[in-house]
Amino acid sequence: LLFLSQAANAEIKIGKGSLTFNASVASQYIARGVDQNKDSVTPSVGADLTYPAGGFNLYIGAWVSGSDFNAGAGGQERDYYLGVNKTFGIATLDLGYIAYDYPGVDSNNKAANNAEYYTKLTIAPEKQPYTFGIAYYADDTGGVKNAENKKLDQTYYEVNSTYNFGPVQGLVSYGVFENDTNTTTVSLSKELFGAGLTLSYIDAERENVSLSNLNKDREYITLSVKKVF
């Protein structure tokens, strides 16, 4: 945390746009209710390029994290994404595409490289301490493979809400990953020493007992720290 707090502001201006970087460490890497790195402390780094154009905000980014979720992945997950967002009054619409890459992974792995289209809508009433949001992710790779090596079409959708309590920011979300997991998350976040700390309680339930990536229903308590510079 002290190291991240001392990092210089490395934002790079590119015309009207900007390039920023981020680094984080989490006590566990949990995605859609499933542990991605054997319950281990997980570092990650990323970069984002944003550029305003015609009233829209264009962005492209990359993110790399430790991961042992896929056998043969070399201990890494690499995500690449691009999209566009725009605010209409109190509503912000975000449309994009994200690809999940596990270097060296066997293509026959049931959770091998895949990609999704996504749509997010956030409602943030002016001068109010709360927001409401929905998100929808649609698979673009014909589904991932299950244990029987058959393609399984999966989509993910989520509802969420945040509330600014003053000292901390609260978040509650509920997500459904079809044929896999149903996940409830409750988080408290706070900025400290120029970095964001997030404490989360995550309750994950198997939606499809025979196909879920969870061996059993699980609960997690995670702590992460992230610095954007």
Side-chain angles (χ1 to χ4, degrees), residues 26-40 42 44 63-83 93-122 132-161 171-187 198 200-222 224:
S27 60
Q28 290 171 272
Y29 174 21
I30 310 299
R32 298 177 183 176
V34 179
D35 170 57
Q36 307 289 309
N37 199 26
K38 296 183 178 179
D39 292 318
S40 299
T42 304
S44 63
W63 183 77
V64 180
S65 173
S67 174
D68 272 327
F69 183 64
N70 283 308
Q76 280 190 7
E77 174 186 333
R78 301 175 183 177
D79 298 349
Y80 308 97
Y81 50 89
L82 57 88
L93 181 64
D94 186 357
L95 305 175
Y97 186 85
I98 182 168
Y100 307 92
D101 179 64
Y102 301 89
V105 73
D106 183 351
S107 61
N108 290 323
N109 188 294
K110 67 177 181 179
N113 304 334
N114 57 94
E116 298 172 313
Y117 294 99
Y118 60 83
T119 301
K120 303 177 186 178
L121 178 66
T122 302
F132 300 99
I134 57 174
Y136 180 81
Y137 289 73
D139 180 75
D140 184 45
T141 48
V144 296
K145 293 182 179 180
N146 63 16
E148 288 75 37
N149 206 34
K150 296 179 180 179
K151 282 290 187 178
L152 176 66
D153 188 23
Q154 291 184 299
T155 59
Y156 176 77
Y157 41 93
E158 177 185 292
V159 294
N160 58 70
S161 179
L171 176 143
V172 177
S173 69
Y174 181 74
V176 174
F177 193 27
E178 289 188 344
N179 293 306
D180 204 324
T181 53
N182 298 332
T183 306
T184 302
T185 302
V186 180
S187 298
T198 301
S200 300
Y201 165 76
I202 303 170
D203 179 30
E205 299 179 345
R206 292 185 294 175
E207 185 182 66
N208 187 319
V209 174
S210 63
L211 298 176
S212 176
N213 283 300
L214 280 178
N215 294 326
K216 60 180 180 179
D217 295 348
R218 287 202 62 181
E219 296 177 288
Y220 313 88
I221 295 179
T222 65
S224 66

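Expressed to the nearest 0.5 Å, how far OG1 of Thr198 lies from CG of Leu171 amounts to 9.0 Å. Atom CZ of residue Phe132 and atom OG1 of residue Thr122 lie 11.5 Å apart, to the nearest 0.5 angstrom. The OG1 atom of Thr181 lies 11.0 Å from the CD1 atom of Ile30; values are rounded to the nearest 0.5 Å. Between the CG atom of Leu214 and the CG atom of Asp35 there is a distance of 9.5 Å, given to the nearest 0.5 Å.
In this structure, Tyr29 and Glu77 have side chains that are in contact, with non-hydrogen atoms separated by less than 4.5 Å. Residues Asp203 and Glu219 meet the side-chain proximity criterion, which asks for heavy atoms closer than 4.5 Å. Counting heavy atoms from C-beta outward, Trp63 and Arg78 have side chains that stay 4.5 Å or more apart. Between Asp101 and Pro103, the closest side-chain pair of non-hydrogen atoms falls below 4.5 Å. Looking only at side-chain heavy atoms (C-beta outward), Ile98 and Tyr80 stay at 4.5 Å or farther from each other. Residues Ser65 and Thr42 are in side-chain contact: their nearest non-hydrogen atoms beyond the backbone lie under 4.5 Å apart. Put simply, the side chain of Lys120 does not reach to within 4.5 Å of the side chain of Tyr136, judged on heavy atoms. For the pair Thr119 and Leu93, the minimum side-chain heavy-atom distance is below 4.5 Å.
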Next on the checklist: Before you tell me yes or no, could you show the steps for Thr183 and Ile202 under side-chain contact (heavy atoms from CB on, under 4.5 Å), namely the whole-Å CA-CA distance, both residues' side-chain angles and the distance that decides it to 0.1 Å?
Outcome noted: CA-CA 7 Å; Thr183 306; Ile202 303 170; 3.6 Å; yes
Next on the checklist: Run the side-chain contact (heavy atoms from CB on, under 4.5 Å) test on Glu158 and Asn160 for me, step by step, so that the C-alpha distance in whole Å, both residues' side-chain angles and the decisive distance to 0.1 Å come before the verdict.
Outcome noted: CA-CA 7 Å; Glu158 177 185 292; Asn160 58 70; 3.1 Å; yes
Next on the checklist: One pair to check against side-chain contact (heavy atoms from CB on, under 4.5 Å): Ser200 and Ile221. What are the steps and the verdict?
Outcome noted: CA-CA 6 Å; Ser200 300; Ile221 295 179; over 6 Å; no
Checklist entry - Do Tyr220 and Gln28 pass the side-chain contact (heavy atoms from CB on, under 4.5 Å) test, and can you show the C-alpha distance, the side-chain angles, and the key distance before you say yes or no? => result CA-CA 9 Å; Tyr220 313 88; Gln28 290 171 272; 3.6 Å; yes
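Side chain of Asp217 to main chain of Arg206: a donor-acceptor pair is present (N/O by atom type, distance under 3.5 Å, no hydrogens or angles). The closest donor-acceptor contact from the side chain of Ser67 to the backbone of Gln36 lies under 3.5 Å. Without hydrogens or angle criteria, Asn37 side chain to Asp68 main chain gives a donor-acceptor distance under 3.5 Å.
For Gln76 and Tyr102, the side-chain atoms include no donor-acceptor pair closer than 3.5 Å.
Looking at every heavy atom in both residues, Ala138 comes nearest to Thr155 through CA-CG2, 4.2 Å. Contact between Tyr118 and Leu82 at its shortest, heavy atoms only, is OH-O, 3.8 Å.
Of the residues Tyr117, Tyr137, Tyr81, the one that meets the ring-ring contact (aromatic ring centres under 6.0 Å, His included) test with Tyr97 is Tyr117.
Under the 4.0 Å criterion applied to side-chain N and carboxylate O atoms, Glu116 and Arg32 are assigned as salt-bridge partners.
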